[in-house]
Asker: 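Structure provided below as structure tokens; questions to follow.
Numbered from 1 within each chain, the chains take letters A, B, ... in sequence-line order. Note that the structure is predicted; figures quoted are calculated from it, not measured.
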Protein chains: 2
Amino acid sequence: MSQTVADLRVERKPKLSETVVAAIRKQLLAGEIPPGQKLPTEGQLTETFGVSRTVIREALAKLAADGLVEARQGAGVFVSEHISTSFGVLAADMGAKDSVALNVLEVRLAIEIESAGLAAIRRNAAQEAAIQEAFFEFERLLLASQPTGPADLAFHRAIASATNNPFYVEMLDVLGRRAIPCDVTSPWSTELVQSDEYQRGLQREHLVILNAISAGDAEAAREAMRTHLTRSQQRYRERLQARQAYYANSLKAASTE
Amino acid sequence: MSQTVADLRVERKPKLSETVVAAIRKQLLAGEIPPGQKLPTEGQLTETFGVSRTVIREALAKLAADGLVEARQGAGVFVSEHISTSFGVLAADMGAKDSVALNVLEVRLAIEIESAGLAAIRRNAAQEAAIQEAFFEFERLLLASQPTGPADLAFHRAIASATNNPFYVEMLDVLGRRAIPCDVTSPWSTELVQSDEYQRGLQREHLVILNAISAGDAEAAREAMRTHLTRSQQRYRERLQARQAYYANSLKAASTE
DNA sequence: TATTATGCAGTTGTATGATGACTTTCGAAT
DNA sequence: ATTCGAAAGTCATCATACAACTGCATAATA
């Protein structure tokens with residue numbers, strides 16, 4: 001019964017290796033050890049962090065799994081060359097779950113880009129109309145100052161449907177269920193970034209996609225969808241950082257009391 | 001002078017844990033252990049794989065990092081609830097019908113195109129080497145007049161792996177199993193279209209992809225992969241028609257007897 | 001009887017020491 | 001100067017032990 005309500009909130013005790021991973025990752029991303037350079041040996045890290053080699057090895061294995069470092073037997077552990085562009089940068093200091101969510105989101109990106117291209121080629125009149133309808137519904141909700149999330153989702157879904165390949169829709173549903181649909185439905189951001197200008201931007205991007213599909217230009221449709229989703233990804237990442245900062249602050253506030 | 005061409009012979013011995021990861025991942029994606037269920041204990045896995053607990057733990061850590069399993073101290077290691085097993089069942093009940101297979105193949109196309117682009121940006125040295133290795137293995141098998149299917153699959157898999165997004169690999173595994181790997185492994189076509197010239201063509205397309213990825217050119221990599229898979233799709237369609245024609249003939253022959 | 005407390009067996013987390021395999025370095029022999 | 005080989009450094013793996021935690025059965029209690 002050492003469990004208080006506060007304890008229930010989150011949290012199981014973090015494994016030591018996770019702590020070490022966070023510390024090393026932070027240093028790597030700060031560029032304290034340039035790419036291609038060798039990290040301290042496991043023995044040195046053992047002393048530095050005051051934990052066993054077991055923990056150090058587990059931490060290094062995780063970093064290697066993320067592509068941040070590479071271990072060469074007999075030589076040492078080296079900083080990976082591509083970390084500046086690595087996805088690990090985006091997933092920097094967030095928990096494993098957020099990182100997973102970002103990865104899923106990325107797969108969704110692949111699905112949607114291609115479906116936009118196919119929709120441009122294969123859509124029939126009714127399907128094109130459905131996409132337009134979702135577009136205008138978004139517009140209506142926006143003017144009425146109502147939540148636009150559902151319309152946004154419907155827009156993307158209509159496009160997937162217009163590929164005439166039912167699996168695209170299924171994939172979208174399956175992926176969307178776990179990884180925060182697209183733009184404005186995550187619970188902790190509803191009040192923060194729902195600015196009019198923000199949603200206007202979304203709608204402008206939607207329009208470009210819609211036009212490309214209507215024109216039957218697959219290449220343009222893919223490109224438009226790519227920029228749209230890439231930006232969404234960026235927005236999502238920024239929100240994660242904002243949340244992280246929020247928690248950090250509340251933590252600091254709590255500790256200064 | 002340290003690096004000669006011969007040195008590029010990349011054949012670094014795979015770590016034991018990697019082997020174990022592959023084996024367990026395969027089982028998980030096949031759905032042999034349903035989500036939420038407990039895996040065998042580390043001790044049991046130690047016996048079944050004949051390696052030390054260190055290796056097993058490292059493998060489990062990697063799987064946990066990929067979000068496939070979750071370890072709870074004192075309880076055990078459990079299969080994650082929200083795995084792509086939904087894809088598993090998705091892909092399970094199809095495969096019967098060819099039209100369905102074609103649709104799945106199309107989804108796979110979307111996945112692979114994007115992963116080629118990401119691989120061009122994010123691959124590290126070891127991953128690039130793995131792709132090259134698969135490429136040369138294809139070459140070797142081709143010259144030896146042996147089946148090139150496995151090498152072809154390995155090539156595509158190495159690319160997915162180089163995205164550093166484990167979900168791409170999972171998707172490929174799940175989709176690839178049911179829906180005709182890539183080009184020449186479907187059972188009813190082995191003798192038909194294995195012409196040398198045919199496979200030379202494949203290899204040429206592979207080379208373009210490989211070069212683009214090595215050059216770090218995402219756009220070119222996507223384009224190369226798109227043409228490769230589109231042509232494969234086309235080849236597959238032709239083979240379907242050929243088979244159809246064959247059956248039609250044998251049917252007619254049977255009826256006239 | 002119903003409920004709580006206790007203890008035990010099973011499992012994961014961490015620590016430690018030893019050995020094998022591989023890489024790099026440097027000095028000796030040619 | 002070049003080649004070869006020994007040795008040190010480092011990661012990979014193994015084996016063992018203990019600590020921390022969980023789930024469950026059993027005992028103690030009201």
Asker: In this structure, which one of B/Arg122, B/Arg123, B/Gln127 forms a side-chain hydrogen bond (donor to acceptor under 3.5 Å, both in side chains) with B/Asn164?
Answerer: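 Among the candidates, only B/Gln127 passes.
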Asker: Checking B/Thr54 now: which residues fulfil side chain to side chain contact (heavy atoms under 4.5 Å, CB included) with it, not counting sequence neighbours?
Answerer: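 Per chain and number, B/Thr54 pairs via side chain to side chain contact (heavy atoms under 4.5 Å, CB included) with B/Ser52.
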Asker: Can you check the A/Phe49 CZ to C/dT14 P distance for me, whole Å?
Answerer: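 For the pair A/Phe49 CZ and C/dT14 P, the rounded distance is 14 Å.
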Asker: Can you tell me how far P of D/dA12 sits from CD of A/Glu42, to the nearest Å?
Answerer: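 It works out to 6 Å between those atoms.
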Asker: Which residues satisfy the salt bridge (charged side-chain N to carboxylate O under 4.0 Å, His left out) test with B/Glu139, sequence neighbours excluded?
Answerer: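 Partners of B/Glu139 under the salt bridge (charged side-chain N to carboxylate O under 4.0 Å, His left out) test: B/Arg200.
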Asker: Would you confirm whether B/Tyr168, through its side chain, and A/Glu106, through its main-chain N or O, come within 3.5 Å as a donor-acceptor pair?
Answerer: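 Yes, the answer is positive, given that a donor and an acceptor are paired below the 3.5 Å cut-off.
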Asker: Show me the protein contacts with nucleotides 4-9 of chain D, counting only N or O atoms at under 3.5 Å.
Answerer:
from, atom 1, to, atom 2, distance (Å)
D/dG9, N2, A/Gly74, O, 2.9

Asker: When the distance from CG of A/Leu39 to P of D/dC11 is rounded to whole Å, what number comes out?
Answerer: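 Roughly 9 Å, once rounded to whole Å.
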Asker: With sequence neighbours left out, what residues match B/Arg72 under salt bridge (charged side-chain N to carboxylate O under 4.0 Å, His left out)?
Answerer: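 If we apply the salt bridge (charged side-chain N to carboxylate O under 4.0 Å, His left out) test to B/Arg72, skipping adjacent residues, there are no hits.
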Asker: Would you check, one step at a time, whether the test side chain to side chain contact (heavy atoms under 4.5 Å, CB included) holds for B/His228 with B/Leu202?
Answerer: CA-CA 8 Å; B/His228 174 50; B/Leu202 287 186; 3.9 Å; yes
Asker: Can you check the A/Arg72 CZ to C/dT25 P distance for me, whole Å?
Answerer: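 Nearest whole value for this atom pair: 10 Å.
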Asker: Heavy atom of residues 50-61 of chain B under 4.0 Å from DNA chain D: which residues?
Answerer: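 Hits under 4.0 Å, by residue number: B/Val51, B/Ser52, B/Arg53, B/Thr54, B/Val55.
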Asker: Within a radius of less than 6.0 Å around CD of B/Glu32, do more than 12 heavy atoms belonging to other residues, nucleotides or ligands occur?
Answerer: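 Check passes, neighbour count above 12.
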Asker: If the threshold is 4.0 Å, N to carboxylate O, is there a salt bridge linking B/Arg222 and A/Glu114?
Answerer: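 A/Glu114 and B/Arg222: not salt-bridged.
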Asker: What is the distance, rounded to the nearest whole Å, between atom CG of A/Leu16 and atom P of D/dA20?
Answerer: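 In whole Å, D/dA20 P lies 12 Å from A/Leu16 CG.
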Asker: List for me each residue that meets salt bridge (charged side-chain N to carboxylate O under 4.0 Å, His left out) alongside B/Glu58, sequence neighbours excluded, and say none if there are none.
Answerer: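 B/Glu58 satisfies salt bridge (charged side-chain N to carboxylate O under 4.0 Å, His left out) with A/Arg57, B/Lys15 once adjacent residues are dropped.
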Asker: Round to the nearest Å and state the distance from B/Glu18 atom CD to D/dC11 atom C1'.
Answerer: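 That distance rounds to 13 Å.
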Asker: Which whole-number value in Å describes the distance from B/Lys38 NZ to D/dC21 P?
Answerer: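 Taking NZ of B/Lys38 and P of D/dC21, I get 19 Å after rounding.
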Asker: Output the rounded distance in Å from CD (B/Glu70) to C1' (D/dC21).
Answerer: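 Between C1' of D/dC21 and CD of B/Glu70: 17 Å.
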